[in-house]
Amino acid sequence: MALANEIIGSSFLHKTSSVSSQFQGKQFFRPIWVVPVAKRQVVAQLRKAVNSPVAAISEDLVKVVPLDEKPVKYKVGAVVTIRNKNKEDIKETIVKHLDALTDRIGQNVVLQLISTEIDPKTNAPKKSNEAVLKDWSKKTNLKAERVNYIAEFLLTSDFGEPGAITITNKHQQEFFLETITIEQFANDPIHFPCNSWVQSRKDHPAKRIFFSNKPYLPGETPAGIKKLREIELKDIRGDGKGERKLSDRVYDFDVYNDLGNPDKGIEYARPRLGGEKIPYPRRCRTGRAPSDTDMTAESRVEKPLPMYVPRDEQFEESKQTTFSLGRLKAVLHNLIPSLKASILSNKHDFHGFSDIDSLYSEGVLLKLGLQDELLKKLPLPRVVSESSQGLLRYNTPKILSKDKFAWLRDDEFARQAIAGVNPVNIERLKVFPPVSNLDPDVYGPLESSLKEEHILGQINGMTVQQALDENKLFIVDYHDVYLPFIDRINALDGRKTYATRTIFFLTPLGTLKPIAIELSLPSTAPSSRSKRVVTPPVDATSNWTWQLAKAHVCSNDAGVHQLVNHWLRTHATLEPFILAAHRQLSAMHPIFKLLDPHMRYTMEINALARQSLISGDGVIESCFTPGRYCMEISAAAYKNFWRFDMEGLPADLIRRGMAEPDPSKPHGLKLLMEDYPYASDGLLIWAAIENWVKTYVTHYYPNPSMIREDEELQSWYWESVNVGHGDLRHETWWPELNNCDDLISILTTLIWLSSAQHAALNFGQYPYGGYVPNRPPLMRRLIPDENDPEYTIFLNDPQKYFLSALPSVLQATKFMAVVDTLSTHSPDEEYLGERQQPSIWTGDAEMVEAFYGFSAEIRRIEKEIDRRNSDGRLKNRCGAGVLAYELLAPSSEPGVTCRGVPNSVSI
């Protein structure tokens, strides 16, 4: 009784007792809100709800209302969970204490419950009284990560089921609202998973709307909250006008017209991506003013100033801390200017492989003799100064962990094409010599210089046609991607590249070996140099030529990996689907609930990329061979190669000739290379995602007409295609959305891309690329032939020539810094099979149970991947000096681990 007295008040309890005695023996209308709960039972409920708070109400009596009596008023308690910041600046601390003072005089947080039912008298939704959060001022100084507050609502017994809560924040400062939980009679608690920043009324006067976790298709929305559903979506869409404030939560589309900075000079201008001239996906609109010198270019926001993304898309505190520490550890922002001044004076090439090794043992500043001088000048935080050697030293990349010289071997070079950080470009060779799809009227003669004699001695006595027929020849072909840009790239200072093709032979052991590399330059080059074929070495000179050829292949591969497969195919092409989901799907929509964990942080990381990674003179341009043409290569790939219907794993494998349909196989596919770690592990995850999505979709759409009639779902897909990908909207390959199979395929593809595909392409970047000779992102010299003046230099000191062709110390360390940060899992990472509030993310108990089944399947897959990595028959993932393939192993610890599949594109 004491607990109930504390929350409700003794006078209220006495009143309810007398009401109960009057109604005994009469016909009853319905059960009311209040559930009898003893203090011990409250604790049990709290534990049962997986740490979600439960409001404690009255104790001994269950009340009901007879049909012929007026509704009776009762109090209902709610627990409101707010997440505190771990660190506050001085201004935030002052405002917080000011809010605590003004809260006592009515400048508080006000909540109101909205019923799912309409009041027949007013023809408006039934509403509770306005309730305030209690004890805000008393709990201001609590240091806990989460603080629970109580609010009391006064309801009538005919109120119905709460469907929404509105909140007005009269404080000066925003707060992060995690959940609201209401205890209800004869049912489980009603949960409102909010996970959103609630802004001050002075910044955003309108009330915030939060819906309960019960999912509703648009046509099934209860009358009481139907209008709120429309209002909420309208607010999120905005009006497309004005500059967005950082506190806004408006989602809208725009083109990539903010990558350059023409106000700094013509060399910093970049073409607009998006539109008829250069098709590209859309990004989030910020509404910033145009630049001073080019009205079509948006003005820049340079770091450390923040870029706009809707408030709830911004990194949470632990993620931001990890990302910022990564930048600091990488020495990118504080140390690079001073490094530049010293290094550029003599360009600091690596003089030997020991110089590269010293980056991991001594650290970049120690090596250059700059540490003491720089640390005196720079206002670094104490933690950096105290452990400066550790922070300025790079961790040894995983590629060196089992065999320091593995990168030199041909079999490792080939293995990385199927089990490295970019395993998605290899194709079965269908015709020899390979054929270009470029226009010969524009690019001149395009015939390959590869001949049968180049490979005949290396294919186990087969003819070339036999090897083709028996699926023994494979190719990584970058000819058409690079050739249109070669002249412009090679005209840049310190940039030299070819358009490469690499032919591989599948050995009886199931491993690949490279048997020929074709290096192409445009027909404008001297005829002796426009095309050449390099084959495996037979002597010392050809060994160094072969190593240089492989380095150029890896440089091509690094560029396509970063600009096309990683950035374009996961980051950029997903953002339109995310924008449209927020704009067109209510938070109540079951498909929004399904997609929600797979959209986390993507818009924020994409905005940060526009600010400093893919921007003009940004990290990508600085560190990759194409330089200022990087994003034009990405845009050309979008126009010429990208197709949404080919982005799912099975379709992609079939398109590349790496698999063929076979209904007798577990996934309906037969891999033509059985030991293809990315594909074989990926198919396990693809099937698990597909089964989960199928279970979910068929649960809500038992017949196809429901999909066609779901206006929110159709608007989401229409806007994703016709606005977000508007430059390609007329392509005939876009899937239709008419039935369950269509929806299952679309959703499975999106979830695959945001989780497993991105993980496979991202989290191996430092483990494989952190040792620059293994995957040089940039090459500075072509391979000399006997008529070149450089040929004598090459013969006299081939190691020096090789190292001078790789990135300089500055370029290498800058690149290593970036990929180290990009390869890092943050402590708040959510992995595939996990999600926030796993027991209450939806009010549909059947789907909660189904999700637990999906999680169990993901754990089973992880065990199977572990088993495969210790199977000695699988030479591409197990053996002396061979790295296990763990990039699709679902779970991971924080840090650079070369494993782990987060739910979303979050880094």
Side-chain angles (χ1 to χ4, degrees), residues 43 46-47 49-56 77-105 107-111 131-152 165 167-182 191-204 208 210 246-247 249 306 309-325 381 383 600-601 604 826-830 834-838 840-841 894 906:
V43 176
L46 282 166
R47 290 173 178 162
V50 191
N51 297 324
S52 56
V54 176
V79 175
V80 179
T81 303
I82 290 174
R83 188 191 304 164
N84 278 337
K85 287 186 176 181
N86 291 322
K87 297 178 181 177
E88 296 175 334
D89 58 33
I90 295 175
K91 180 182 176 182
E92 288 173 330
T93 302
I94 293 171
V95 174
K96 182 178 76 171
H97 287 288
L98 182 63
D99 283 340
L101 290 172
T102 58
D103 188 86
R104 298 177 182 178
I105 57 172
Q107 295 299 309
N108 41 30
V109 178
V110 181
L111 297 82
V132 301
L133 286 193
K134 295 186 175 183
D135 297 331
W136 186 282
S137 58
K138 292 181 181 178
K139 296 181 178 181
T140 295
N141 293 320
L142 287 179
K143 300 299 182 185
E145 183 180 3
R146 291 170 177 82
V147 178
N148 293 336
Y149 296 88
I150 298 296
E152 291 180 358
I165 292 179
I167 298 181
T168 303
N169 177 12
K170 297 180 182 179
H171 293 164
Q172 297 294 305
Q173 192 158 272
E174 65 178 6
F175 60 83
F176 189 84
L177 177 60
E178 201 164 79
T179 59
I180 301 173
T181 306
I182 297 172
H191 297 285
F192 292 76
C194 305
N195 298 307
S196 180
W197 290 95
V198 179
Q199 299 301 321
S200 168
R201 184 174 63 175
K202 68 180 175 62
D203 297 318
H204 294 270
R208 278 299 307 276
F210 294 99
L246 292 174
S247 58
R249 47 192 293 273
V309 293
R311 182 65 181 97
D312 291 340
E313 303 300 320
Q314 295 171 28
F315 286 165
E316 292 178 17
E317 200 170 4
S318 62
K319 176 77 170 180
Q320 184 60 53
T321 300
T322 302
F323 192 79
S324 299
L325 183 62
V383 64
R600 187 183 188 219
Y601 291 153
E604 169 81 339
S826 66
D828 71 336
E829 201 88 87
E830 291 176 12
E834 302 174 350
R835 61 181 300 160
Q836 291 183 358
Q837 295 123 7
I840 63 166
W841 63 273
S906 59

Q. Which atom pair, heavy atoms only, marks the closest approach of S906 to E829?
A. OG-OE2, 2.9 Å

Q) Nearest 0.5 Å, what's the NZ-CD distance between K91 and Q172? A) 10.0 Å

Q.
Can a donor-acceptor pair be found, under 3.5 Å and without considering hydrogens, that links the side chain of Y601 to the backbone of E316?
A. yes

Q. Could you go step by step and tell me if R146 and E178 meet the salt bridge (charged side-chain N to carboxylate O under 4.0 Å, His left out) rule?
A. CA-CA 9 Å; R146 291 170 177 82; E178 201 164 79; 2.5 Å; yes

Q. Would a distance-only check, ignoring hydrogens and angles, find a side-chain to backbone donor-acceptor pair under 3.5 Å from N169 to V198?
A. yes

Q | Criterion side-chain hydrogen bond (donor to acceptor under 3.5 Å, both in side chains) on H191 and T179, from CA distance to verdict | A | CA-CA 7 Å; H191 297 285; T179 59; over 6 Å; no

Q) Which of parallel (below 30°), tilted (30 to 60°) and perpendicular (above 60°) describes W197 and F176? A) perpendicular

Q: Keeping the roles fixed (side chain from Q314, backbone from L246), state whether a donor-acceptor pair exists under 3.5 Å.
A: yes

(Q) Any non-hydrogen side-chain atom of L111 less than 4.5 Å from a side-chain atom of V132? (A) no

Q: Tell me, with the steps shown, if T81 and N148 meet side-chain hydrogen bond (donor to acceptor under 3.5 Å, both in side chains).
A: CA-CA 5 Å; T81 303; N148 293 336; 2.8 Å; yes

Q | Residue pair E830 / Q836: nearest heavy atoms and the distance that separates them | A | OE2-CG, 2.6 Å

Q.
Holding to salt bridge (charged side-chain N to carboxylate O under 4.0 Å, His left out), I want the full list of residues that pass it with R208, two or more places apart in sequence or in another chain.
A. none

**Q.** Residues which pass side-chain contact (heavy atoms from CB on, under 4.5 Å) with K138, listed by chain and number, not counting sequence neighbours
**A.** D135

Q | Rounded distance [0.5 Å steps], CG in D312 versus CG in N195 | A | 8.5 Å

Q | Between CZ on residue F175 and CD1 on residue I167, distance to nearest 0.5 Å | A | 5.5 Å

Q: Go through the side-chain N and O atoms of S247 and D203 and say whether any donor and acceptor fall under 3.5 Å apart.
A: no

(Q) Less than 3.5 Å apart, any donor N or O on the side chain of D103 or H171 sitting next to an acceptor on the other? (A) yes

Q) Is there side-chain contact between Y149 and I82, with at least one heavy-atom pair below 4.5 Å? A) yes

Q. Who are the side-chain hydrogen bond (donor to acceptor under 3.5 Å, both in side chains) partners of E174, not counting sequence neighbours?
A. Q199, R311

Q: Please round to the nearest 0.5 Å and tell me the distance separating atom CG of L98 and atom CD of Q107.
A: 10.0 Å

Q | N86 (side chain) donor-acceptor with E145 (main chain) under 3.5 angstrom | A | no

Q. S196 and F210: which non-hydrogen atoms are nearest, and at how many Å?
A. CB-CE2, 3.7 Å

**Q.** Heavy-atom check, side chain of V110 versus side chain of L133, under 4.5 Å
**A.** no

Q | Crowding at NZ, K143 (>12 non-hydrogen neighbours, <6.0 Å) | A | no

Q. Is it true that the side chains of E92 and Q173 contain a donor and an acceptor less than 3.5 Å apart?
A. no

Q. With a 4.5 Å limit on heavy-atom distance, are the side chains of N108 and W136 in contact?
A. no

(Q) Would you say that Q837 contacts P193 through its side chain, given a criterion of any heavy-atom pair below 4.5 Å between the two side chains? (A) yes

**Q.** Test side chain to side chain contact (heavy atoms under 4.5 Å, CB included) applied to F192 and V80, I182, L177, T181, the passing residue
**A.** I182

Q) Any chance the side chains of R104 and S137 put a donor and an acceptor closer than 3.5 Å? A) yes

(Q) Once rounded to the nearest 0.5 Å, what's the spacing between atom CG of N141 and atom OG1 of T93? (A) 10.0 Å

